[in-house]
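As the structure is a computational prediction, the values presented were derived from the model and not from experiment. Each chain gets a letter, A, B and so on, in the order its sequence line appears, and its residues count up from 1.
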Amino acid sequence: MATEAPNTAAENESNTPRKDFIREIIDEHNRTGRFGGRVYTRFPPEPNGYLHIGHAKSIWLNFSIADEYGGKTNLRFDDTNPTKEEQEYIDSIQEDVRWLGYEWEELRYASDYFDQLYEWAVQLIRDGKAYVDHLSADEIREYRGTLTEPGKNSPYRDRSVEENLDLFERMRKGEFAEGECVLRAKIDMASPNINLRDPVMYRILHTSHPRTGDEWCIYPTYDWAHGQSDSIEGITHSICTLEFEDHRPLYDWFIDQLGIHHPQQIEFARLNLSYTVLSKRRLIRLVQEGHVNGWDDPRMPTISGLRRRGVTPKAIRDLCEMTGVSKSNSVVDIQMFEYCVRQDLNKVAPRAMAVLRPLRVVITNYPEDQTEEFEVLVNPEDPSAGTRLLPFSRVLYIEQDDFMEDPPPKYYRLAPGREVRLRAAYFIKCEEVIKDEAGNVVELRCTYDPATRGGDAPDGRKVKATLHWVSEQHAIEAEVRLYDRLFTVEDPTSDPDKDFLEFLNPKSLEVLTGCKLERNLANAKPGERYQFERIGYFAVDPDSTDGKLVFNRTVTLRDEWAKLQQKSGR
RNA sequence: UGGGGAGUAGCCAAGUGGUAAGGCAGCGGACUUUGGAUCCGCCAUGCGCAGGUUCGAAUCCUGCCUCCCCAGCCA
């Protein structure tokens with residue numbers, strides 16, 4: 001809209017949150033002209049797993065920064081280890097980045113640079129700054145020293161340039177077995193920074209690569225590939241997580257030796273969430289050991305899992321923004337994420353009537369064959385979403401939880417002799433409770449007040465509760481999957497003596513069948529999100545078929561009554 | 001006990017010498033045809049600890065404590 005742009009700009013004047021330390025660094029660069037005012041970032045995932053909400057933070061940071069500074073962002077796959085990487089992951093990562101709402105400037109692969117990296121390695125060898133080492137992996141470890149003791153030089157460290165050149169070429173030609181030798185940078189085996197103790201640049205891997213096939217049998221390590229890849233792409237700000245902080249001197253060293261464009265690496269603390277795990281290793285175990293049903297199981301913190309669960313991209317972006325950027329390790333309360341999810345869904349989700357655990361209600365004074373329709377707002381938060389028709393008749397379903405034979409204080413819902421409102425319909429009063437032989441309540445006999453049509457009493461009398469309901473003869477049935485936290489404790493990884501799987505929540509999934517839905521949902525399509533009034537937000541699962549709808553609970557509505565019960569109950 | 005980081009409320013997080021923002025959670029209340037949403041109020045005499053400098057310190061100095069990362073031919 002034409003009026004929107006100026007408004008947004010004006011709002012930003014006053015509402016712009018304080019800049020984080022990364023943006024301040026960029027401002028400083030722009031002041032001093034370090035990169036000529038350019039801002040070029042990149043998101044560099046390794047395609048060895050699915051993206052999760054932790055990656056989303058990095059994606060958000062890189063793309064939103066570039067956007068704010070009029071810059072660009074590349075998507076680059078760090079595909080330097082063909083033993084772990086697969087095309088499946090390359091595809092899913094692209095899908096997820098797009099779904100989050102971002103489009104990259106260029107799609108690149110570290111493997112695009114294998115030739116250049118090889119040439120640069122040769123250059124370092126010529127300069128006497130790299131050498132082929134025939135120490136075994138174990139020996140290299142021994143020679144590296146420890147945290148408190150310096151390492152010692154490899155006996156192969158002083159081979160001549162000619163010999164190194166010859167050996168390295170033969171490495172490339174495949175004349176050596178895996179592990180027989182490596183190419184190492186010649187830096188300082190006594191450096192207090194272990195990353196500088198002659199790090200490995202190339203290792204032999206007789207494995208074909210998803211992109212380069214069998215062209216190579218030597219592959220650059222991440223340390224050798226990453227900085228130069230950024231440099232080649234003209235990246236100005238190379239944003240990464242904290243654990244790479246002490247690799248920065250190494251990347252700087254490589255780039256300085258090569259004399260090429262020098263990006264600024266900036267490290268920030270990755271996002272962690274309570275009641276979940278966010279490491280690839282653990283996520284892979286959850287999938288491979290069958291604790292969840294795949295990478296996109298709605299209980300997974302993966303982007304694909306969250307998507308299937310019904311979470312919106314905006315909710316994820318909001319969380320990233322809300323939690324801020326800093327350098328201190330932290331664990332964000334999952335409730336902050338739930339808040340973001342509810343906040344977005346409240347504004348965009350159409351409302352629907354859905355009775356998850358049905359209790360039959362017969363309106364005894366409502367004519368047997370009568371049916372009428374009520375027109376109700378699709379979304380009270382967004383009148384432009386229009387209205388829908390709800391059919392009403394003599395026999396209805398309400399939620400089992402919405403009736404108590406012997407209600408405790410503060411329980412406002414239906415009880416014997418009590419009057420409540422059926423949302424958008426009538427006041428009803430419970431006259432009789434029907435039980436089976438076991439004493440279970442199986443049906444309620446109620447009367448309605450025709451004068452309260454639409455939900456208001458002309459005499460001004462009030463009710464304390466409004467219930468959702470579905471007409472029996474008009475209802476459609478569905479399966480509803482209720483998800484809860486995957487783990488029972490805030491940090492399943494905090495106890496070093498226990499496997500995180502010991503803290504799996506056995507009740508993380510509850511499947512309900514025979515749920516009764518308003519008929520307007522009959523044509524709901526996978527991915528669509530709804531608010532089931534008074535219950536929560538639900539998304540149509542791809543498992544749905546023409547005859548059978550399946551819904552995933554994204555998140556519950558905030559629930560004052562449940563909170564009260566918890567306080568008094570346990 | 002080598003090197004690199006970080007400590008501000010239950011959880012995130014501003015603060016850059018002038019007297020502790022904001023959000024989530026929590027607790028009160030208003031309103032409500034979703035116990036939803038919305039609105040109002042409360043919630044750090046205190047910034048890891050101890051000293052010091054200063055008229056004045058979360059911010060500067062000194063010492064200490066705690067936590068995280070690094071000893072892959074993983075990224």
So [X], base contact, sugar-phosphate only, or nothing? Heavy-atom distance under 4.0 Å.
X         : answer
Lys563(A) : sugar-phosphate
Tyr412(A) : base
Glu533(A) : base
Arg413(A) : base
Gln531(A) : base
Asp456(A) : base
Glu245(A) : sugar-phosphate
Arg423(A) : base
Val376(A) : nothing
His226(A) : nothing
Phe244(A) : base
Leu467(A) : nothing
Ser326(A) : sugar-phosphate

Inset, instruction - Sequence neighbours left out, what pairs pass salt bridge (charged side-chain N to carboxylate O under 4.0 Å, His left out) with at least one residue falling in residues 192-204 of chain A? - result: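 Sorted result for residues 192-204 of chain A: Arg157(A)-Asp198(A).
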
Inset, instruction - Can you tell me which residue pairs pass the salt bridge (charged side-chain N to carboxylate O under 4.0 Å, His left out) test with a partner in residues 327-347 of chain A, sequence neighbours excluded? - result: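 For residues 327-347 of chain A, and leaving out neighbouring residues, the salt bridge (charged side-chain N to carboxylate O under 4.0 Å, His left out) pairs sorted by first residue read Glu245(A)-Lys327(A), Glu267(A)-Lys327(A).
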
Inset, instruction - Provide the closest heavy-atom pair for Arg418(A) versus Leu414(A) in the form atom of the first, atom of the second, distance. - result: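 What the structure gives for the nearest pair is O-CD1, 3.4 Å.
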
Excluding sequence neighbours, so at least two apart, what forms ring-ring contact (aromatic ring centres under 6.0 Å, His included) with [X]?
X         : answer
Phe43(A)  : none
Tyr118(A) : Phe168(A), Trp216(A)
Phe77(A)  : Tyr109(A)

Legend entry - All side-chain hydrogen bond (donor to acceptor under 3.5 Å, both in side chains) counterparts of Thr207(A), not counting sequence neighbours: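 Per chain and number, Thr207(A) pairs via side-chain hydrogen bond (donor to acceptor under 3.5 Å, both in side chains) with no residue.
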
Inset, instruction - Please state whether the base of rG3(B) and the side chain of Asp246(A) form at least one donor-acceptor pair under 3.5 Å? - result: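 Present.
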
Inset, instruction - Output every pair passing ring pair (Phe, Tyr, Trp, His ring centres under 6.0 Å) with a member in residues 173-192 of chain A, not counting sequence neighbours, ordered by first then second residue. - result: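 Every ring pair (Phe, Tyr, Trp, His ring centres under 6.0 Å) pair that includes a residue of residues 173-192 of chain A, provided the two are not neighbours, is His134(A)-Phe176(A).
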
Legend entry - Modelled atom types, side-chain donor and acceptor of Asp382(A) and Ser384(A), under 3.5 Å: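 Checked: Asp382(A)/Ser384(A) side chains pair up, N/O donor to acceptor below 3.5 Å.
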
Inset, instruction - Indicate whether any N or O donor in one side chain lies under 3.5 Å from an N or O acceptor in the other, for Tyr339(A) and Gln335(A). - result: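 Looking only at side-chain atoms, Gln335(A) and Tyr339(A) do not form any donor-acceptor pair under 3.5 Å.
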
Legend entry - Separation of the C1' atoms in rU19(B) and rG23(B), to the nearest angstrom: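 Looking at atom C1' only, rU19(B) and rG23(B) are 24 Å apart.
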
Going by heavy atoms closer than 4.0 Å, what residues in [range] are next to RNA chain B?
range                       : answer
residues 171-188 of chain A : Gly179(A), Val182(A)
residues 81-88 of chain A   : Asn81(A), Lys84(A)
residues 267-281 of chain A : none

Just name whichever nucleotide pairs with [N], Watson-Crick or G-U, keeping both distances under 3.5 Å, else none.
N       : answer
rC67(B) : rG5(B)
rU59(B) : none
rG41(B) : rC27(B)

Inset, instruction - With sequence neighbours left out, write down each residue that passes side-chain contact (heavy atoms from CB on, under 4.5 Å) with Asn193(A), or none if nothing qualifies. - result: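 Partners of Asn193(A) by the side-chain contact (heavy atoms from CB on, under 4.5 Å) criterion, ordered by chain and then number, come out as Ser191(A), Asn195(A), Leu196(A), Asp246(A), Pro249(A).
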
Legend entry - Asp484(A): partners by side-chain contact (heavy atoms from CB on, under 4.5 Å), with sequence neighbours left out: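 side-chain contact (heavy atoms from CB on, under 4.5 Å) check on Asp484(A) returns Asn505(A).
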
Legend entry - Syn/anti state of rG17(B) by chi, 90° boundary around 0: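 Classified anti.
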
Inset, instruction - Taking only the side-chain heavy atoms of Thr148(A) (C-beta and beyond), determine which of rG35(B), rG2(B), rA13(B) contains the nearest atom. - result: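 Closest nucleotide among those given: rG2(B).
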
